[in-house]
Asker: 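One structure follows; several queries about it will come next.
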Amino acid sequence: MENKEDRPLNFIEKIIEDDLKEGRVPDNKIVTRFPPEPNGYLHIGHIKAICINFGLAEKYGGTCHLRLDDTNPAKEEQEYIDSIKDCIHWLGFDWGEKTYYASDYYDQLFDIAVRLIKEGKAYVDSLSPEEMKEYRGTLTEAGKNSPDRDRPIEENLDLFMRMKNGEFPEGAYTLRAKIDMASPNINMRDPALYRIKYAEHPRTGRKWCIYPMYDYTHPISDAIEGITHSICTLEFEDHRPAYDWATGIDGIEHTPHQYEFARLNINYLLMSKRKLLYLVNNNYVTGWDDPRMPTIAGIRRRGYSPESMKDFVQRVGVAKVESVVDYSLMEFCVREDLNKRAKRLMAVLDPLKIIIDNYPEGQVEYFDAENNPEDPSAGSHKVAFTRELYIEKEDFMEVPVKGYHRLYPGNEIRLKHAYYITAVSVEKNEDGSIKAVHCTYDPASKGGTTADGRKVKGTSHWVSAVHSVKAEVRQYDKLFKAENPGAATGNYLDDLNPESLIVIPEALVEEEARTAKAGEYLQFIRNGYYMADSRDSSPEHIVFNRTVTLKDSWSKMKTKMGL
RNA sequence: UGGGAAGUAGCCAAGCGGUUAAGGCACUGGUUUUUGAUACCGGCAUUCGAAGGUUCGAGUCCUUCCUUCCCAGCCA
């Protein structure tokens with residue numbers, strides 16, 4: 001049970017280690033569970049819950065169940081179940097052969113309900129939703145008992161059977177636990193156990209027309225599965241008494257315990273399912289897997305690695321303070337991971353033509369370009385060099401500003417992997433814009449160094465004018481430009497970043513980029529990390545998504561100098 | 001004004017009565033560099049929401065207060 005990462009234990013790990021040490025865990029095997037309701041797509045916030053539950057099981061040699069909490073057929077769909085499974089696998093976790101479903105326990109749950117009725121601990125209530133609300137009282141006033149609370153057991157039993165048999169319309173009756181209408185905890189004021197619902201369930205079809213509620217289903221499901229540590233988010237703290245009530249029902253052997261942690265919040269991001277749905281439905285984004293979406297499908301398509309996201313969650317930690325993590329931490333994590341694994345390529349996004357006057361026309365040289373300077377085992381690939389090339393527009397200034405050490409007339413820079421060049425003259429269009437920059441190269445600088453060891457301060461990436469390939473490059477940025485979208489005006493749409501996607505229809509990439517496939521991590525040298533788009537990229541029309549930029553101290557300096 | 005929780009740096013987060021309050025991100029200086037990237041070195045809380053108290057000694061214990069979050073679905 002040693003702490004490999006040399007990181008202090010979080011409060012849940014402490015509880016577990018203590019439980020293990022004190023022999024409170026059956027067979028010394030902890031059992032956790034990740035219990036999403038299949039009513040939508042998983043987002044970054046879920047990654048935390050997934051990592052906690054699966055991670056804990058991994059760390060302490062236990063198991064973690066995937067359990068679909070499918071007790072509300074009105075909202076749930078098979079599509080979501082499939083997507084949830086896919087996302088967990090993408091993160092690198094596995095739940096083994098068996099997928100658990102709350103719906104697997106419908107029979108047991110029903111039997112237990114019947115038992116509760118027989119023991120006088122549950123009753124069938126005919127109050128309408130509005131009446132029930134009235135009877136529940138308020139936060140500061142006790143509720144009052146339903147007129148049906150003392151209905152005879154036989155009658156409750158009969159009514160419950162008839163509810164099950166579909167004799168009543170939706171809303172006519174509920175089954176309620178008889179707990180305490182005066183409890184200061186509203187969740188304990190005779191919570192509903194079952195409601196009537198005529199809906200097609202993704203797994204049980206039309207077999208049932210009554211469905212168990214969360215507060216009743218969840219703890220019993222945990223108990224049935226032998227969950228030892230039931231970990232959920234803070235908003236369920238108030239439900240713990242209900243959880244304990246349910247696991248305390250006579251005849252339930254195993255008693256799991258619920259622990260709550262703070263959910264993950266990240267600034268500039270929106271996690272609300274409702275708001276994300278609005279963005280999708282109203283075409284602010286292209287879908288749930290739009291690379292700007294905080295969904296797992298979105299960040300995956302954007303080019304984030306699962307390892308970096310796990311690292312991110314690890315660094316954030318697990319506590320009970322409701323916190324908002326800096327977006328920059330997430331960016332740091334991807335960069336750190338991608339730096340070690342991304343294949344380096346050269347891509348010119350905003351081309352400026354360079355003509356090397358003293359380089360023979362028609363000559364082609366192939367240089368070796370290392371795939372990753374951080375990892376020599378990654379090998380290298382070839383790049384073609386010719387007399388006419390393109391570099392980034394921002395890598396040339398006719399009149400350089402102070403501190404600029406890229407190309408400008410009279411200055412020598414290095415073309416990555418190739419030669420030193422010096423700008424000699426500027427060829428202009430009629431409108432005064434630069435048509436091309438004429439340069440000379442030093443043949444003795446082949447490979448990017450010279451025998452005299454002279455230093456050049458700037459190194460630019462480039463592509464051959466004849467060998468480069470066109471590609472669409474999608475420059476993604478944050479979807480929202482405010483840390484807390486909607487905080488200022490009350491409408492999060494006001495904070496949408498108009499520059500969250502800038503499409504460069506015809507960027508020029510080196511030939512090697514043709515081999516890139518979705519899933520392969522790339523770095524366009526000096527531009528950022530990229531990945532081929534899983535949906536739209538094809539050999540005929542290559543599309544790259546920008547995952548994240550590189551850190552850029554030059555642009556920071558520029559803004560500091562007021563440029 | 002009921003109940004449940006939480007307050008340590010710009011953001012996370014350790015700290016569990018005993019030398020100068022871990023660490024990471026951000027920020028910031030510098031070194032190296034064939035990516036103005038990376039890497040590396042340095043700086044960044046006399047103070048822990050506030051005020052009292054206990055103690056030889058308090059971020060840690062006690063009291064009061066303040067602030068923030070969650071709860072009144074037949075959602076999860």
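So that the names make sense, note that chain A is the first sequence line, chain B the second, and so on, each numbered from 1. Everything numeric here is computed off the predicted structure, so don't read it as measured data. Keep in mind that the numbers below use all heavy atoms, side chains included, and drop hydrogens, waters and symmetry copies.
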Asker: Which part of the nucleic acid, if any, lies within contact of Leu139(A), taking any heavy atom under 4.0 Å across all strands shown: a base, the sugar-phosphate backbone alone, or nothing?
Answerer: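 Base contact - Leu139(A) has a heavy atom under 4.0 Å of at least one base atom.
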Asker: When rounded to the nearest Å, what value does the distance between C1' atoms of G17(B) and C56(B) take?
Answerer: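 Approximately 12 Å lies between the C1' atom of G17(B) and that of C56(B).
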Asker: Check every strand shown and say whether Phe332(A) touches a base, only sugar-phosphate, or nothing at a heavy-atom separation below 4.0 Å.
Answerer: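 The residue Phe332(A) makes sugar-phosphate contact but no base contact.
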Asker: What is the distance from CD of Glu483(A) to P of G10(B), rounded to the nearest Å?
Answerer: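 In whole Å, G10(B) P and Glu483(A) CD are 13 Å from each other.
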Asker: On a whole-Å scale, what distance lies between the C1' atoms belonging to U68(B) and U32(B)?
Answerer: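 Here U68(B) and U32(B) have their C1' atoms 46 Å from each other.
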Asker: Starting from P on C75(B), measure out to NE2 on His218(A) and report it in whole angstrom.
Answerer: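 So the two atoms are 17 Å apart, to the nearest Å.
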Asker: Roughly how many Å apart are G4(B) and C44(B), using the P atom of each and rounding to a whole number?
Answerer: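 Each nucleotide's P atom is 43 Å from the other's.
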Asker: Identify whether a stacking contact exists between Trp554(A) and G36(B), where the ring centres must be under 5.5 Å apart and the planes under 30° apart.
Answerer: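 Yes; centroid distance and tilt both under limits.
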Asker: Please report the distance, rounded to the nearest Å, between CD in Glu235(A) and C1' in C71(B).
Answerer: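 After rounding, the gap between these two atoms is 11 Å.
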Asker: Only counting residues at least two apart or in another chain, list the ones meeting side-chain hydrogen bond (donor to acceptor under 3.5 Å, both in side chains) with Glu22(A).
Answerer: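 Expected list: none.
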Asker: Could you tell me how far U33(B) sits from G10(B) if I compare only their P atoms? Round to whole Å.
Answerer: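 Looking at atom P only, G10(B) and U33(B) are 37 Å apart.
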Asker: Could you state the OH-C1' distance from Tyr216(A) to A76(B), rounded to the nearest angstrom?
Answerer: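 After rounding, the reported distance stands at 17 Å.
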Asker: Answer yes or no: is there an ion pair linking Glu336(A) with Arg315(A), defined by an N-O contact shorter than 4.0 Å?
Answerer: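 Yes, charged N to carboxylate O under 4.0 Å.
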Asker: Between Arg195(A) and A76(B), does any side-chain N or O lie under 4.0 Å from OP1 or OP2?
Answerer: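 Answer yes for this pair, as a side-chain N or O of Arg195(A) is under 4.0 Å from OP1 or OP2.
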Asker: Rounding to an integer number of angstrom, what distance separates U47(B) and A58(B) when you compare their P atoms?
Answerer: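 One P to the other, the span is 15 Å.
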Asker: For the aromatic rings, using the six-membered ring if either is Trp, is the centroid distance between Tyr214(A) and Phe236(A) under 6.0 Å?
Answerer: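 Yes, close enough.
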Asker: Which value, in whole Å, describes the distance between the C1' atoms of nucleotides G18(B) and G43(B)?
Answerer: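 One C1' to the other, the span is 29 Å.
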Asker: I want to confirm an ordering. Mapping Thr449(A) and Asn339(A) to their closest nucleotides on RNA chain B, which one lands closer to the 5' end?
Answerer: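 On the 5' side of the pair lies Thr449(A).
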Asker: Please measure how far the P atom in A45(B) lies from the corresponding atom in A39(B), and state the result in whole Å.
Answerer: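 Those two atoms are separated by 24 Å.
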Asker: Could you go through Asp104(A) and Arg67(A), starting from their C-alpha distance and side-chain angles, then the distance that decides it, and tell me whether this counts as salt bridge (Lys or Arg N to Asp or Glu O under 4.0 Å)?
Answerer: CA-CA 10 Å; Asp104(A) 288 341; Arg67(A) 178 167 75 231; over 6 Å; no
Asker: Between Arg526(A) and G36(B), is there a side-chain N or O to OP1/OP2 distance below 4.0 Å?
Answerer: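 Looking at the OP1 and OP2 atoms of G36(B), one of them is under 4.0 Å from a side-chain N or O of Arg526(A).
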Asker: Rounded off to whole Å, could you give me the CG-to-C1' distance for the Asn267(A) and A26(B) pair?
Answerer: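 Between C1' of A26(B) and CG of Asn267(A): 11 Å.
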Asker: Determine the Euclidean distance between corresponding P atoms of U60(B) and C25(B); express it in Å to zero decimal places.
Answerer: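 C25(B) and U60(B) have their P atoms separated by 29 Å.
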Asker: If you find the nucleotide of RNA chain B closest to Gly137(A) and the one closest to Pro373(A), which residue's nucleotide is nearer the 5' end?
Answerer: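 Closest to the 5' end, via its nearest nucleotide, is Pro373(A).
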Asker: For the side chain of Arg344(A) and the backbone of Ala342(A), is there at least one donor-acceptor N/O pair under 3.5 Å apart?
Answerer: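 The answer is yes, because a donor-acceptor pair under 3.5 Å joins these two groups.
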Asker: Taking the six-membered ring of Tyr101(A), is the NZ or CZ of Arg203(A) close enough (under 6.0 Å from the centre) and on axis enough (within 45°)?
Answerer: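 Yes, Arg203(A) and Tyr101(A) form such a contact.
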Asker: Tyr327(A) has an atom OH; how far is it from atom P of A26(B), in whole Å?
Answerer: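 Checked: the OH to P distance equals 14 Å.
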Asker: What is the separation between atom NZ on Lys457(A) and atom P on U35(B), rounded to the nearest whole Å?
Answerer: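 Whole-Å distance recorded here is 14 Å.
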